[in-house]
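Following: one structure in structure tokens, then a few remarks.
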Amino acid sequence: MTHSVSQGVRDSVRILSMRLSILGLCAVIGGALAGDLSAQTLLSNPDEGKNVAGGTGPLAPRPAPQPAPPPTEPAAGTAHPKDGPAPAPVPLPAPAPQPEPPQPAPAPPAAGGGKNDDTPRPVPTAPAPETTPPEEAADTAPPEAAAPAPEESSGPAPAGGADIPATMAVLAAGFPEGEAESFTQMLIGLPDGVSADTIGHLLYPRRQFDRAAWFFGVAAQRPEASAASLSNFGALAMEVYADAPDAWPETMLQAAHDALVAANGLQPDEPAILNNLGNAARRLGLHDAAVEHGARATELAPEEPLYWTNLARSMAAAGDADGAAAALARAHLLEPNGLALLETLPMLPGAAPGYSRALQTQCDVNFRCQEICPRSIIGGLMSVTCEIENSSAQIACTEGRPYPTSYRCEEDLPEYGILIPGLNSGFSVAVPGFSAHVLVQGDGSVDVRVEAGASIGPVGGYLRADGHYDPSGGVSFDNPGGGVRVNLLPNSPANQLASDLGHPPVHIEAETLNGGPVQINGEAYNAGLLSF
């Protein structure tokens with residue numbers, strides 16, 4: 001009994017948490033979004049090979065809810081969702097034929113155009129149980145209750161094809177009871193500029209892939225569905241299936257592939273769509289097509305390491321270990337510490353020998369220490385450290401381990417004191433009420449800090465700013481701001497001089513930089529002791 005009560009409490013808390021998340025989502029959409037997150041934002045498969053459930057619920061389906069009583073036909077003129085007929089994907093079994101005469105069909109909605117002209121038609125989540133011969137059932141069951149059978153797709157699938165609503169029904173069967181209906185009602189009342197695509201983009205970074213796929217599916221069923229909506233539905237449905245392939249029907253993967261084929265038909269040269277299509281084709285065992293799509297994606301976007309690692313997976317699946325090794329080596333060259341590469345390497349052991357051979361010839365780590373380190377005594381010491389780090393990075397590269405790709409070899413502007421020519425790569429000018437520091441870095445860039453102010457007894461006010469010059473980027477300014485300092489030591493000529501130069505020995509400072517909030521600091525010679 002104790003276990004049953006505890007389980008019931010946990011279930012209640014889970015359902016309540018989900019309802020609150022829905023209300024929070026509605027509030028965010030209605031109050032914070034003034035414009036749509038563009039439907040043209042394409043999601044490339046982000047964690048190929050790593051599907052981690054997250055957000056408010058796992059991606060594996062929950063037990064299907066109990067069949068609900070057949071819904072009554074909504075009245076004509078009910079508001080229509082903004083993104084087309086939004087399905088209410090909960091199990092709606094077809095009612096058994098009744099002896100009473102059939103009821104007359106409801107009156108069609110009034111003509112005149114606009115979103116209130118059509119009534120959302122719920123799409124079922126499960127085939128209707130046959131209690132009569134098929135011919136009889138076809139005469140007695142309403143058309144909404146018959147789930148269309150998935151069709152084999154040999155070309156681009158239409159945006160409103162049967163596979164998308166069927167997949168959405170399967171997804172919704174794993175939602176908590178009543179959540180799909182809440183989503184449908186929410187779509188009806190969305191404000192201008194917010195669409196199902198918007199909600200999909202909100203859910204995607206929270207790793208609620210199943211719900212994001214559902215909302216992208218709503219957008220993908222519109223007659224004017226964009227390639228981005230179709231591709232995003234395909235990518236997210238594929239991620240949901242890959243997370244628990246034994247729990248979801250394989251038709252979900254086929255529907256994702258068909259949606260991506262349709263997206264590719266609308267935008268044939270979009271690398272993100274081609275990357276996703278290659279992943280779906282590989283998971284369906286269409287290895288030649290997967291390699292073709294992946295190679296085209298890398299041809300259109302050769303600087304994207306994710307596309308190269310996915311191409312390597314497709315080549316390995318097609319039996320081309322050398323091609324997979326070459327693709328991995330290209331990804332390593334672009335982003336040696338990238339997550340996509342680090343996850344893919346252990347999954348392709350057959351490509352490891354060729355990958356190692358490629359690294360021996362292509363690894364050429366060069367921090368350019370003699371060019372970037374300042375021309376000073378301190379800069380010379382920094383260049384020695386830079387060269388040591390360069391050698392370590394070269395060894396790590398040839399061994400296929402993560403390694404740094406650059407080294408920061410530059411001096412910093414002083415918070416206290418002055419720059420001494422020769423020891424430092426610059427100079428300082430300091431007089432009571434004004435100070436300036438100039439640093440010339442090894443790459444030719446110049447950093448300047450200027451501060452001016454006045455002191456009356458222990459209290460001093462000041463203004464400051466930093467400036468930078470880069471030979472390739474021009475001039476920029478940052479850290480504008482100022483503040484007030486209060487010297488805490490007894491007044492004396494030495495303390496007064498230190499305050500005039502902007503370096504009170506022990507002081508409290510109220511400062512703001514870059515328009516940020518005022519910060520209270522306790523400092524000794526401008527070195528921070530505490531801050532709040």
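Side chains are part of it too, since the values below use all heavy atoms of this structure and drop only hydrogens, waters and symmetry mates.
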Which pairs with one or both residues in residues 452-495 pass disulfide bond (SG atoms under 2.5 Å apart), sequence neighbours excluded?
none
Stepwise, does the side-chain contact (heavy atoms from CB on, under 4.5 Å) test hold for Met315 with Leu348?
CA-CA 10 Å; Met315 287 183 163; Leu348 305 180; over 6 Å; no
Measure the shortest side-chain to side-chain distance between [X] and [Y] over non-hydrogen atoms and say whether it is less than 4.5 angstrom.
X	Y	value
Ser435	Leu501	no
Glu410	Leu439	no
Asn495	Pro504	no
Arg313	Asn279	no
Glu411	Asp447	no
Pro402	Leu342	yes
Arg401	Ile395	yes
Leu187	Ile199	yes

Quick test of your reading: applying ring pair (Phe, Tyr, Trp, His ring centres under 6.0 Å), list the pairs with at least one residue in [range], sequence neighbours left out, ordered by first then second residue.
range	result
residues 482-513	Tyr416-His503
residues 474-502	none
residues 382-408	His332-Tyr403

Let me confirm one number: the [atom1]-[atom2] distance from [X] to [Y], rounded to the nearest 0.5 Å.
X	Y	atom1	atom2	value
Glu270	Leu300	CD	CG	8.5 Å
Ile420	Ser428	CD1	OG	8.5 Å
Asp269	Glu299	CG	CD	9.0 Å
Thr184	Trp214	OG1	CH2	4.0 Å
Tyr204	Phe216	OH	CZ	9.0 Å
Asp243	Phe209	CG	CZ	9.0 Å

Which residues satisfy the side-chain hydrogen bond (donor to acceptor under 3.5 Å, both in side chains) test with [X], sequence neighbours excluded?
X	result
Glu304	none
Arg357	none
Asn491	none
Thr512	none

Only one of Glu509, Glu523, Glu511 passes salt bridge (charged side-chain N to carboxylate O under 4.0 Å, His left out) with Arg485; say which it is.
Glu509
[X] side chain vs [Y] backbone, donor-acceptor pair below 3.5 Å:
X	Y	value
Asp443	Ser445	yes
Thr344	Ala340	yes
Gln360	Thr398	yes
Asn479	Ala465	no

Taking it one step at a time, do Cys386 and Cys369 satisfy disulfide bond (SG atoms under 2.5 Å apart)?
CA-CA 6 Å; Cys386 177; Cys369 299; 2.0 Å; yes
Carboxylate-amine/guanidinium proximity below 4.0 Å for Asp197 and Arg222
yes
Excluding sequence neighbours, so at least two apart, what forms side chain to side chain contact (heavy atoms under 4.5 Å, CB included) with Phe434?
Val431, Ala436, Val450, Ala452
Which residues satisfy the salt bridge (charged side-chain N to carboxylate O under 4.0 Å, His left out) test with Asp470, sequence neighbours excluded?
none
Decide if atom CG of Leu530 counts as having more than 12 heavy atoms of other residues, nucleotides or ligands within a radius under 6.0 Å.
yes
Are more than 12 heavy atoms, taken from residues, nucleotides or ligands other than Leu345, located less than 6.0 Å from that residue's CG atom?
yes
Sequence neighbours excluded, the answer for ring pair (Phe, Tyr, Trp, His ring centres under 6.0 Å) partners of Phe233 is none
Over all heavy atoms of both residues, which pair between [X] and [Y] is shortest? Give the atoms and the distance, please.
X	Y	value
Arg449	Pro414	NH1-O, 3.5 Å
Ala393	Phe367	CB-CZ, 3.9 Å
Met238	Ala256	N-CB, 4.0 Å
Pro336	Leu341	O-CD2, 3.7 Å
Ala331	Pro305	CB-O, 3.9 Å
Gln496	Gly457	OE1-O, 3.2 Å

side-chain contact (heavy atoms from CB on, under 4.5 Å), that's the test. Do Phe183 and Arg211 meet it? Break it down for me.
CA-CA 10 Å; Phe183 287 161; Arg211 292 165 179 81; 4.1 Å; yes
Given Ile508 and Leu488, is the side-chain contact (heavy atoms from CB on, under 4.5 Å) satisfied, shown in steps?
CA-CA 7 Å; Ile508 295 177; Leu488 299 180; 3.9 Å; yes
Can you pull out every side chain to side chain donor-acceptor pair (under 3.5 Å) where at least one residue sits in residues 380-395? Sequence neighbours excluded, please.
Gln370-Glu387
Residue pair Leu513, Gln519: steps toward the side-chain contact (heavy atoms from CB on, under 4.5 Å) verdict
CA-CA 9 Å; Leu513 297 176; Gln519 195 167 16; over 6 Å; no
